[in-house]
Each structure stands twice: as C-alpha cells, then as structure tokens.
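Here the structure is laid out as structure tokens; the discussion comes afterwards.
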Amino acid sequence: MVPKAIQMVMDAESGNTTRVAMVMATIRQRIASRSLAAGAKLPSVRGLATGLKVSTSTVVDAYQRLVAEGVIHARPGSGFYVANQVAPFSVAESGPKLDRDVDPFWVSRQSLETASDGLKPGCGWLPASWLPEEGMRRALRTLSRAQGTSLADYGSPLGLSPLRQLIARRLADRALEASPDQIMLTESGTQAIDLLCRFLLEPGDTVLVDDPCYFNFHALLRAHRAKIVSVPYTPIGPDLEIFAQVVAKERPRLYITNSAIHNPTGATLSPVTAHRVLKIAEQFGVTIIEDDIFADFEFTPAPRLAAFDGLDRVIHIGSFSKTLSAAARCGFIAAKPEWIEGLTDLKIATSFGGGRLSAEFVFNVLSDGSYRKHVEALRSKLAHVMLDVSSRLKAIGINPWLEPQAGLFLWCRLPDGIDAAEVARLALKKGVVLAPGNAFSLSQTATNYIRFNVSQTLEPRIFDILSQTLGAIHQQKRA
C-alpha cells in the first residue's frame, strides 16, 4: 500500500522522477521502521512494481539510486539487500505518513517547545499559576533539611515506602484495594506504560486502544513495534459491540484505556460498560492497562476497572504531573504481586534505582494538608471555566461532543467541512497551539474535531483567532 503522503506527491506531480522518489521513500520508511532489517532481502523488482503500481523500470532505477547511496546493495543473481549500516529506529517513520499537523509528535513538540507564555489550548497540562506553588516550596524546604541519604543515594527499586503507603490509601478511596507491596513507583505515567509494554509485549503483538485516545499511546506502541487496533469510544466507554468483534478477531494482548476521565473526550466509563469490558477481556485473555492520571480532578469517583477486577488482569497506573507538577516526575504502577516482582527486575535493568528526590518531594506535598484544599479548589475552578469555555466555543460554531462531568478537556466538533489540521496550521501562524482530532484517532476519522484544554483556553485572543480562522476557511471554500 502506498503511504498517504507519498501518494499525495504522486497525485500532485506525475512523472517517472517522482515515482522513483516514491519507491525510494517507501524503502527508506520500511528500513527506518525495521520492517526491513539490516541484511534483509528486498522485494523483487517485479513484486514491488506490482505492489506499488509502477513500472519495473521505475523500481530498477530506484534500487540503483539506493545502491549508490549505500542504503542497499546488490548481490548478482540473488537480488537486493538492506545494507548492514542502517539508520537508527525512527518512531515517526514507523507510523503512517500523515500531514504533520495531525502527527502526535507535532502536537507534543509544539506544546513543549512553545514559550511558557504562549497560547496553548492544545496542551495537556494546567497553567503554572494553577498549581500549588506554596505547598511545593514548603516541600522543597523540608527536603533541603533531609538526611544526606535522601539527597544522594539511589532509591529502592519499588520506590519510597511512605509514598507507596499513601498511594495505597488514596486508591482505597476509589474502592481499589492494593497493598503498598503491589505498588511500584515510576518516573512518570509514560514510563509506567513503557515498562509495562517492555514487560508484556513482543514485537508484532496486537494492542487495542480507544478511538480517539491519548495520542502518546500511539507513539509508545509504535516504539515497541506493536500492531495497533482501535475501537470507537462512546460517552459511556468503548462501543461494546465493536469491542467484542475486534477482540474476537484481532486477539489483542493488551487494551490500554482511561476509565475515569477519558482523554481526549472527557467521557466517563459506566458500571455496565466496565463489567462487560471485563467479561470480554477475561473470555479472550486480554490484559488491561488502566491509565488514571486524571483521578484528582473528579468530584465523585467513577468506576475503576481495576476495582471491579481486583488487579487480576487489570493494571492500574497514575501520576502526579497534572495536579501537582510536571517537573517532578513521579508515577506508579499497581498490579498483582507476581507482576510487580518481574517489573521490579525490569526497572532495575532499565533505570536501576528509583527517583528518590522526586518521590520525597511528592510525598511531602501530598501529605501536607494544603494539597487536599488545593485539589478541591481546582475542581471547582475547572468546573467553572469548563462552562465558560464551552459557551464561548459554541458562540463561534465549535460544539462540544459532550459536557464532561469533570477534568480538563472538551472534545469539540468544528463546523461541517472544516479540517482541524488546516485550522491548527493557520492558528499556529498566529501563535496558538491546537490539538487537531486525527492526532488522537488511529482510524483518522476525527478530521473535524479538536481537543481543547479549558484551563489553557481563557485568553480572549484565542477565540478571536479561532473565529477569524474559521471565517477565512469558509471564505476560501466559497471562492
């Protein structure tokens, strides 16, 4: 199958030179993604020509140019082979070639690299002014007076014991029973998923995700050479009929999801859907990774798959980057004891000890009575701005898919015929970073959706730019 971006080049500019470049780009992409490893034999000239619907002379020309570049080499009478010196693995190249505006890496890079005072309604975190700065400063002062071992020594592989005990108590508040020994600290929620993928997956294993889902799930799974399949997400969880069909057909090893506050839609899993998902997972032997990093934003705890399941085939993960600080990298994994044992060995192999300073810092903040007050105030503030941002978006023709019960995100539909990638590209020229829908959609069916972080969508200029951008696109379409 011809990659989308390459096909666009072919459509825009016909001719043998362009087709040769297309064949070369296809081979380079396969090498970069490791579907063609060093020393692997390339498809025959005739076979590749048939697959790409080009002439055999085009493929011969492309192969000869790749030989000249040292990317491949020819063996007389045998064919063409990948050279032993290949480029490092490229996560970006391993996925489908899409318009850069809907690439997850585009969204992440723009959000992370834009100046702190930039307009970033597409990012996934709170403004710094919304975080508990005074509580963090108190924790840092406490940490500065700690024993030298806290400042200099490696942490234990499981992580700081008092923090694991505190996390166990917090999980119990959500009806999830886990002893401190069933909890392992990680550097972040992202590292938690990375460790679990290393622990549970082999290259080529199938993993199920929601559609849409958090875009970095796609990036992580591509890095682990997984086959990714998806199921549509509804306001109460995954579409159960399609979920059952996809699981039965694809037999995924893992299902990665949010249950409490879904990213990007803001939806909440219903108890009925949760029970049905667990029954299907049990029937087909699917392990579930439940990402719960938005837990502290909830007013009333939603159903947790791990609570219903008792941490049997569900692994529960979380972090503190959203309500406390993204600069203090600290997350956790809660799982059954035998898996924690294996994950501990893997953590030693990949990062040796735990991040002791971050863990001590997080523990000091969480055990400070002011943190609970901070979270309560944060929930109320978010609820207020959620209504305000929703109303202002509706006024310019951008409509929420649903009104979330809590959290940061509004998943919004643009007016008919408007491409979110085009809106994002034009808005970026005016200093506004957006998160277009197809960055979250494996099936690429969210073309006219955008995710808004309401805490970062308060500046009036954002709505002015959105309105102007939509107007300009409408005018172009009428011209």
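Predicted model, so just to flag it, every value in this text is computed and none were measured.
Applying the salt bridge (charged side-chain N to carboxylate O under 4.0 Å, His left out) test to every pair with at least one member in residues 448-469, sequence neighbours left out, gives no pairs at all. The side-chain hydrogen bond (donor to acceptor under 3.5 Å, both in side chains) pairs that include a residue from residues 284-293 are R253-T287, S259-E290, E290-H316, D292-R304, D292-H316, where partners are two or more places apart or lie in different chains. Residue pairs meeting the salt bridge (charged side-chain N to carboxylate O under 4.0 Å, His left out) criterion with at least one member in residues 318-341, sequence neighbours excluded: D312-K336. Residue pairs meeting the salt bridge (charged side-chain N to carboxylate O under 4.0 Å, His left out) criterion with at least one partner in residues 359-374, sequence neighbours excluded, are R138-D368, R356-E360. The salt bridge (charged side-chain N to carboxylate O under 4.0 Å, His left out) pairs that include a residue from residues 227-240 are K227-E250, where partners are two or more places apart or lie in different chains.
Put simply, the side chain of N258 gets close to the backbone of N263: a donor and an acceptor are under 3.5 Å apart. R225 contributes no side-chain N or O that, together with a main-chain N or O of R222, makes up a donor-acceptor pair within less than 3.5 Å. Under a 3.5 Å cut-off, the side chain of T350 and the backbone N or O of L346 do form a donor-acceptor pair. Within the 3.5 Å criterion, the main-chain N or O of T445 finds a donor-acceptor partner in the side chain of S441. Looking only at distances, a side-chain donor or acceptor of Q191 sits under 3.5 Å from a matching main-chain atom of E187.
At a threshold of 4.5 Å between non-hydrogen side-chain atoms, the residues L382 and L408 count as touching. Side-chain contact between V432 and L466 is absent, with no heavy-atom pair separated by less than 4.5 Å. Residues P121 and N453 form no side-chain contact, since every pair of their non-hydrogen atoms from C-beta on lies 4.5 Å or further apart. Side-chain contact between L119 and V433 is absent, with no heavy-atom pair separated by less than 4.5 Å.
In this structure, H384 has no ring pair (Phe, Tyr, Trp, His ring centres under 6.0 Å) partners at least two apart in sequence or on a different chain. For the side chain to side chain donor-acceptor pair (under 3.5 Å) test, no residue two or more places apart in sequence or in another chain qualifies with T190. The salt bridge (Lys or Arg N to Asp or Glu O under 4.0 Å) test applied to R198 returns D194, not counting sequence neighbours. Contacts of P238 classified as side-chain contact (heavy atoms from CB on, under 4.5 Å), with partners at least two apart in sequence or in another chain: D210, V231, Y233, F243, Y255, L269, T273, V277. Applying the side chain to side chain donor-acceptor pair (under 3.5 Å) rule to N448 yields no partners; only residues at least two apart in sequence or on another chain are considered. Considering only residues two or more places apart in sequence or on other chains, E133 meets the side chain to side chain donor-acceptor pair (under 3.5 Å) condition with R137. With sequence neighbours excluded, no residue satisfies side chain to side chain donor-acceptor pair (under 3.5 Å) with E177.
Between the side chains of Q165 and S161, at least one donor N or O sits under 3.5 Å from an acceptor N or O.
The only option from F409, W411, W401 that meets the ring pair (Phe, Tyr, Trp, His ring centres under 6.0 Å) definition with Y449 turns out to be W411.
Note: F352 and Y154 meet the aromatic proximity criterion, with ring centroids under 6.0 Å apart.
D309 has no carboxylate O lying under 4.0 Å from a charged side-chain N of R313, or vice versa, which leaves the two without a salt bridge. A salt bridge links E403 with K394: at least one charged nitrogen is closer than 4.0 Å to a carboxylate oxygen.
No more than 12 heavy atoms of other residues, nucleotides or ligands sit less than 6.0 Å from atom NZ of K279. In this structure, Q405 places its CD atom where only 12 or fewer heavy-atom neighbours from other residues, nucleotides or ligands lie under 6.0 Å away.
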Task: Working for side-chain contact (heavy atoms from CB on, under 4.5 Å), residues I333 and I315 - done: CA-CA 7 Å; I333 297 171; I315 302 168; 3.6 Å; yes

Open item on the list: Between S179 and D181, does the side chain to side chain donor-acceptor pair (under 3.5 Å) criterion hold? Intermediate values first, please.
Closed with: CA-CA 5 Å; S179 72; D181 289 340; 5.1 Å; no

- [ ] List the steps and the verdict of side-chain contact (heavy atoms from CB on, under 4.5 Å) for I256 and L208.
- [x] CA-CA 6 Å; I256 304 180; L208 179 62; over 6 Å; no

Task: Test side chain to side chain donor-acceptor pair (under 3.5 Å) applied to N438 and T447, step by step - done: CA-CA 6 Å; N438 272 349; T447 302; 3.3 Å; yes

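Between F332 and F320, the two ring planes are tilted [angle within 30° to 60°]. Using a 30° and 60° split on the angle between ring planes, F217 and Y214 fall in the perpendicular class, above 60°.
For the atom pair NZ of K381 and NE2 of H374, the computed distance is 9.5 Å after rounding to the nearest 0.5 Å.
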